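Every value quoted in this text rests on a predicted model; they were computed, and no experiment measured them. Just so it is clear: chains get the letters A, B, ... in the order the sequence lines come, proteins before strands, and each one is counted from 1. Values reported hereafter were calculated over all heavy atoms of this structure, with side chains retained and with hydrogens, waters and symmetry mates removed.
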There are 2 protein chains.
Amino acid sequence: MGVSKTHMFSLTQNELAQAAKVLAHPARIAILEYISRQENCICNDLVDVIGLSQPTISQHLNEIKKIGLLKGTFEGKNLCYCINQERWEELQHSFHVFFTNINQNCC
Amino acid sequence: MGVSKTHMFSLTQNELAQAAKVLAHPARIAILEYISRQENCICNDLVDVIGLSQPTISQHLNEIKKIGLLKGTFEGKNLCYCINQERWEELQHSFHVFFTNINQNCC
DNA sequence: ATTTTATATTGCAATATTACGATAATATTA
DNA sequence: TAATATTATCGTAATATTGCAATATAAAAT
């Protein structure tokens, strides 16, 4: 039907899937990489760098924000997006656990 | 428009996004976790375990197969799905590089 | 050869995602 | 205050994803 039956799965499974969904678009990968390269974290040239329209970039940023990966000032001019280090390491850990816990000794 | 403008991004960015997309559904996380727990890699009870219909499971398995994460026998009865260890470690490495290369010293 | 068992494919409906133009909102600058 | 610059939101169109019923396919068992 197009609706993910999230209730059938564990919280951990859903959270990992949701994080993966945010990374599941090259624009969002590119945005995260670009923000991380900025010294001063003023990211108002994101539109020019990525090459998508301003509303689209805004939408992607919102997806990234929703899982808590960005922190900083979000209002007005000269807004300042930065990677939320704690959240970032949290996700990194989740992916790491997932990848290392998979047992591959078969076949 | 609903089409990802993949041509605007690097191969690395697209590949990571594509891998993330496969992990972006709790059913596929659950499927991978279940397969990895099986000793003998005979996975014909996946439908009962996951709780989605057989066609839906088949579809999800196909998504996982498409990025080379599964190997084994794929035809007929008693088919045998297993994690492709090499591919798995390749993806693990890609995610690891992505997570560690992000510079967070800002704000 | 027919039945049984297990997976794949097709077709369709419902929902989600991606993208952008138009416009609104907010803050800075002149 | 008016003009400018920057981001957010709304509305809409196109495409993708998710899920299942129905059906097809393939191998094994009877």
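Nearer the 5' end of DNA chain D, as judged by each residue's closest nucleotide, is the contact made by A/Leu61, out of A/Thr6 and A/Leu61. For the pair A/Leu52 and B/Thr56, both in contact range of DNA chain C, the more 5′-proximal nearest nucleotide belongs to B/Thr56.
To the nearest angstrom, P of C/dT17 lies 10 Å from CD of A/Gln59. In this structure, B/Arg28 places its CZ atom 8 Å from P of D/dG19, rounding to the nearest Å. Rounding to whole angstrom units, NE2 of residue B/His25 and C1' of D/dT17 are separated by 8 Å. Atom CD of A/Gln54 and atom P of C/dT26 are 15 Å apart (whole Å). As a whole-Å value, the separation of B/His7 NE2 from C/dT18 P is 16 Å. Atom CE in A/Met8 sits about 11 Å away from atom C1' in D/dG19, given to the nearest Å. Computed from coordinates, the A/Asn14 CG to D/dT18 P distance equals 13 Å when rounded to whole Å. Put simply, CZ on B/Phe9 is 11 Å from C1' on C/dA19, counting in whole angstrom units.
By the 4.5 Å heavy-atom criterion applied to side chains, B/Ile67 and B/Arg87 are counted as neighbours.
Side-chain nitrogen and oxygen atoms of B/Lys21 include none within less than 4.0 Å of the OP1 or OP2 phosphate oxygen of C/dT17. Applying the 4.0 Å criterion to OP1 and OP2 of C/dA8, one finds that B/Ser58 has a side-chain N or O inside that range. Between C/dA6 and B/Tyr81, no contact under 4.0 Å exists linking OP1 or OP2 to a side-chain N or O. Residue B/His60 places none of its side-chain N or O atoms closer than 4.0 Å to OP1 or OP2 of D/dT17.
With both pairing distances under 3.5 Å, C/dT26 is matched to D/dA5 as a Watson-Crick or G-U wobble pair.
Heavy-atom contacts from other residues, nucleotides or ligands closer than 6.0 Å to CD of B/Gln18 number 12 or fewer.
Side-chain atoms of A/Glu63 and A/Gln59 include no donor-acceptor pair closer than 3.5 Å.
In the hydrophobic clustering of ILVMFWY residues, with side-chain heavy atoms under 4.5 Å counting as a link, B/Ile29 and A/Met8 come out together.
Here the options are B/Ile64, B/Leu52, B/Val49, the test is side-chain contact (heavy atoms from CB on, under 4.5 Å), and the partner is B/Ile31; only B/Ile64 passes.
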